[in-house]
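Below are the structure tokens for one structure; questions will follow.
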There are 2 protein chains.
Amino acid sequence: MRKSPPAGDRSSGPVTLGMVAEASGVSPSTVSRILNGTAIVSPEKRAAVDRAIAELGFVPNPIARGLAGGRTMSVGVVTQSIDSPFYGVALRGIEETLEPAGYSALFVSGHWDEAVEKRCIDTLRSRRVDGMIILNGRLGDAALKALAKALPVVVTGRSLKAPGLCALDFNNVEGARLATQHLIDLGHRDIAHLSGDLAHPDARDRLAGYRAALEAAGLPFREALVESGGYFEDGGRDATQRLLDRGARFTALFAANDQMAFGASVALHKQGLRVPQDVSLVGFDDLALAAHMAPPLSTVHQASLELGRTAAQGMLNLLAGDKPALSLPEPRLIVRDSSGPAARRR
Amino acid sequence: MRKSPPAGDRSSGPVTLGMVAEASGVSPSTVSRILNGTAIVSPEKRAAVDRAIAELGFVPNPIARGLAGGRTMSVGVVTQSIDSPFYGVALRGIEETLEPAGYSALFVSGHWDEAVEKRCIDTLRSRRVDGMIILNGRLGDAALKALAKALPVVVTGRSLKAPGLCALDFNNVEGARLATQHLIDLGHRDIAHLSGDLAHPDARDRLAGYRAALEAAGLPFREALVESGGYFEDGGRDATQRLLDRGARFTALFAANDQMAFGASVALHKQGLRVPQDVSLVGFDDLALAAHMAPPLSTVHQASLELGRTAAQGMLNLLAGDKPALSLPEPRLIVRDSSGPAARRR
DNA sequence: TTGTAGGCGTTATCAT
DNA sequence: ATGATAACGCCTACAA
């Protein structure tokens with residue numbers, strides 16, 4: 001039962017840079033330089049320091065590092081809700097790519113509210129994050145540009161050009177067009193649409209894509225076949241119910257996201273309508289669950305994991321001083337079992 | 001176009017405690033005391049300082065605070081995967097209750113791997129979090145107790161008593177018993193079970209509850225009716241498929257979590273088996289999506305949002321020096337449309 | 001009750 | 001190439 005902790009022991013008191021310096025017979029500055037590659041140091045000293053670091057199990061203190069004016073090695077991530085099936089996966093992608101680079105992610109949720117989002121950003125700044133990733137925020141372009149003057153910023157869900165700013169946008173119009181076109185190709189002519197919360201640009205874009213496909217095929221756009229479902233399951237269910245209640249006639253339904261498609265399938269099922277025999281259903285996002293719905297859902301693939309990874313990589317590039325110049329893959333239609341040929345009109 | 005920033009302007013350089021002190025004509029220590037309630041100060045000075053704080057828009061720097069040996073006002077949260085539908089909601093609960101108390105949450109994912117989890121904990125410690133919440137971790141009790149000596153710890157998914165430690169456990173055995181009993185009450189006698197990853201205590205508990213209900217009803221426990229589905233959708237789907245392929249006869253299926261139940265419903269659907277007419281299906285967890293499955297899933301309610309809130313509240317109590325003494329609600333069966341009376345044997 | 005001084009662990013700016 | 005020395009912004013004895 002020895003008293004002195006074994007080398008590398010983590011549970012005993014914190015080992016400081018100063019202790020490493022002392023143990024290896026050099027000054028703290030030299031240790032710091034080796035750690036940060038700030039300057040060239042002689043091989044001997046470097047070896048001595050490396051050994052001391054290993055033996056003492058030294059880990060730099062990010063807090064102190066942050067205070068000293070340097071970086072905190074943390075990046076703030078503003079998401080709208082941490083438990084969203086879509087963004088949750090993106091967060092995983094962010095975490096995955098930030099971690100190996102030594103950065104930690106600080107997640108905060110804006111709850112789709114601009115004021116809350118502003119507070120989140122303030123919190124993040126007070127914590128001195130080195131950069132911020134904002135996932136489909138509600139903030140205006142101007143505020144974003146201003147923010148980007150203070151620290152590197154990556155935003156998704158919009159196109160924007162500014163120094164220190166990297167914007168990642170997804171082609172929602174094209175995705176929606178693809179989905180609608182698919183239904184038209186299957187022979188459907190009465191295609192209803194469950195729109196998302198139209199306060200979101202992407203919801204408006206998806207509606208526009210739906211409309212564009214219709215018009216390109218010479219089909220009329222009918223207001224009566226569009227219901228707002230607010231992007232959530234209940235909204236999708238209720239919107240579908242409203243469509244049904246008012247006697248709208250349609251053989252296909254394009255939901256602006258998978259969550260609403262899930263809700264729609266419940267309403268359809270309750271009404272005794274089978275998917276796809278009676279109504280074809282197409283979603284948007286390709287959540288992990290889409291493939292596990294009964295029947296598996298046809299949808300537009302939007303790579304959320306890749307979205308997160310790309311955003312994080314963009315941040316890493318920005319942090320390193322490089323121009324990011326990244327982009328997202330084009331939308332891709334995934335045909336599963338929820339969409340089939342149009343049968344008789346109902 | 002004035003040069004001096006308006007009061008409360010956030011985008012200009014950081015306002016420090018020292019600046020507040022100067023502006024209000026007192027010493028930095030006094031400002032600090034007011035901020036922390038460390039000592040009594042005269043009403044006049046307090047007023048002057050409060051005004052200066054408001055006018056300058058001062059926000060204490062958590063980094064500096066942390067370095068100075070005080071608290072960082074952040075608590076680390078170790079989850080297994082940030083995009084889990086169950087834990088994601090718990091994270092929201094944590095964030096929700098920590099935020100009003102001025103604490104930020106630092107989320108890290110252990111990926112169900114003890115080694116990774118250890119690294120996460122080290123990261124969190126190096127960032128000097130004031131406490132840690134560990135959601136269903138893989139770490140041993142001993143390690144947890146040791147950790148609790150260094151800082152307040154809240155763990156879920158196990159029972160454990162130790163100073164500085166608050167454990168929140170859920171009665172998985174009882175929940176599974178309830179689910180199985182429900183199927184028995186409906187007249188089912190051939191009830192299959194999709195077990196979770198048996199490396200997890202909760203999966204073992206749910207299996208035990210299933211078995212207990214069977215035995216209490218005088219029904220035999222048959223290995224052939226149990227398949228491991230690993231807690232994910234694909235696992236549930238494949239396990240169900242295996243059951244079907246090997247010709248197992250059952251009129252009801254109890255999945256150890258909702259995700260597997262979703263997968264099971266796909267396999268059943270593909271086989272042309274209807275839920276609940278041909279096979280009754282019951283899940284566990286009551287994910288938000290369970291109510292939006294077609295048909296809506298009967299399941300055991302486990303309040304994930306409340307789990308998160310309770311864990312966070314326990315941490316807040318621990319941080320305040322109080323004994324937490326919190327507990328989780330008892331399991332509750334939610335009967336929806338996926339379970340119905342047993343018909344003819346198949 | 002209030003102010004002064006020292007320190008938290010690191011980096012940056014000078015010297016050397 | 002390396003070492004003192006001074007911040008970084010705050011907290012906490014200790015002193016008054």
Side-chain angles (χ1 to χ4, degrees), chain A residues 12-50 52-53 56-74 102 123 125-130 151 319, chain B residues 12-50 52-53 56-74 102 122-123 125-130 151:
Chain A
S12 57
V15 179
T16 72
L17 181 149
M19 295 168 65
V20 171
E22 194 174 3
S24 46
V26 303
S27 76
S29 331
T30 300
V31 178
S32 173
R33 282 192 266 260
I34 292 178
L35 253 37
N36 302 289
T38 311
I40 301 176
V41 305
S42 72
E44 307 90 60
K45 305 220 174 201
R46 157 166 253 119
V49 170
D50 283 345
I53 287 180
L56 298 173
F58 167 72
V59 179
N61 181 337
I63 303 281
R65 235 203 261 248
L67 218 215
R71 305 132 301 151
T72 53
M73 299 307 280
S74 64
T123 302
R125 294 200 63 178
S126 86
R127 293 203 172 263
R128 302 294 190 275
V129 294
D130 295 337
L151 78 180
L319 252 13
Chain B
S12 57
V15 179
T16 72
L17 182 148
M19 295 167 64
V20 171
E22 193 174 3
S24 47
V26 304
S27 76
S29 353
T30 301
V31 178
S32 172
R33 284 191 265 260
I34 291 179
L35 253 37
N36 302 289
T38 311
I40 301 176
V41 305
S42 71
E44 308 89 59
K45 306 222 173 199
R46 156 166 253 120
V49 169
D50 283 346
I53 288 179
L56 298 173
F58 166 72
V59 179
N61 180 337
I63 304 281
R65 233 201 262 248
L67 219 215
R71 304 134 301 150
T72 54
M73 298 308 279
S74 64
D122 281 347
T123 302
R125 293 200 64 177
S126 85
R127 292 201 172 265
R128 301 295 191 274
V129 294
D130 295 336
L151 78 180

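Reminder, nothing fancy here: chain letters follow the sequence lines and each chain counts from 1. Nothing here was measured: the structure is a model prediction, and the numbers come from that model.
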Spacing of B:Thr123 atom OG1 and A:Met73 atom CE [to the nearest 0.5 Å]: 11.5 Å

Main-chain N/O of A:Val20 paired to A:Ser24 side chain as donor or acceptor, under 3.5 Å: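 At least one qualifying donor-acceptor pair exists.
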
What's touching nucleotides 9-12 of chain C from the protein side, N or O pairs under 3.5 Å?
residue: C:dT10; atom: OP1; partner: A:Asn61; partner atom: N; Å: 3.1
residue: C:dT10; atom: OP2; partner: A:Leu17; partner atom: N; Å: 2.3
residue: C:dT11; atom: OP1; partner: A:Asn36; partner atom: OD1; Å: 3.3
residue: C:dT11; atom: OP1; partner: A:Asn36; partner atom: ND2; Å: 3.1
residue: C:dT11; atom: OP1; partner: A:Arg65; partner atom: NH1; Å: 2.9
residue: C:dT11; atom: OP2; partner: A:Ser32; partner atom: OG; Å: 2.8

Verdict with reasoning, B:Leu35 to B:Val49, per side chain to side chain contact (heavy atoms under 4.5 Å, CB included): CA-CA 10 Å; B:Leu35 253 37; B:Val49 169; 5.7 Å; no

Nucleotide range of DNA chain D lying under 4.0 Å from chain A heavy atoms: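 Taking any atom under 4.0 Å from a heavy atom of chain A, the span is D:dA1 to D:dG9.
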
Pair A:Thr30-A:Ser27, side-chain hydrogen bond (donor to acceptor under 3.5 Å, both in side chains): steps then yes or no: CA-CA 5 Å; A:Thr30 300; A:Ser27 76; 3.3 Å; yes

4.5 Å side-chain heavy-atom contact, A:Ser74 and A:Arg127: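 Side-chain contact under 4.5 Å: no.
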
Spatial distance of atom CD1 (B:Ile34) from atom OG (B:Ser29) [nearest 0.5 Å]: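 One gets 10.5 Å once the value is rounded to the nearest 0.5 Å.
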
Rounded to 10 degrees, the angle between the two terminal axes of the helix from C:dT1-D:dA16 to C:dT16-D:dA1, each from five pairs: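 Rounded value for the end-axis angle: 40°.
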
Approximate separation, where rounding is to 0.5 Å, of B:Leu67 CG and B:Thr72 OG1: 11.0 Å

Between C:dC8 (P) and B:Asp130 (CG): distance, integer Å: 19 Å

CZ-CD1 distance between A:Arg46 and A:Ile40, expressed to the nearest 0.5 angstrom: 9.5 Å

Gap separating the CG atom of B:Leu151 from the CZ atom of B:Arg128, nearest 0.5 angstrom: 11.0 Å

Non-hydrogen side-chain atoms of B:Arg71 and B:Asn36 separated by less than 4.5 Å: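 Counting from C-beta outward, B:Arg71 and B:Asn36 do come under 4.5 Å.
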
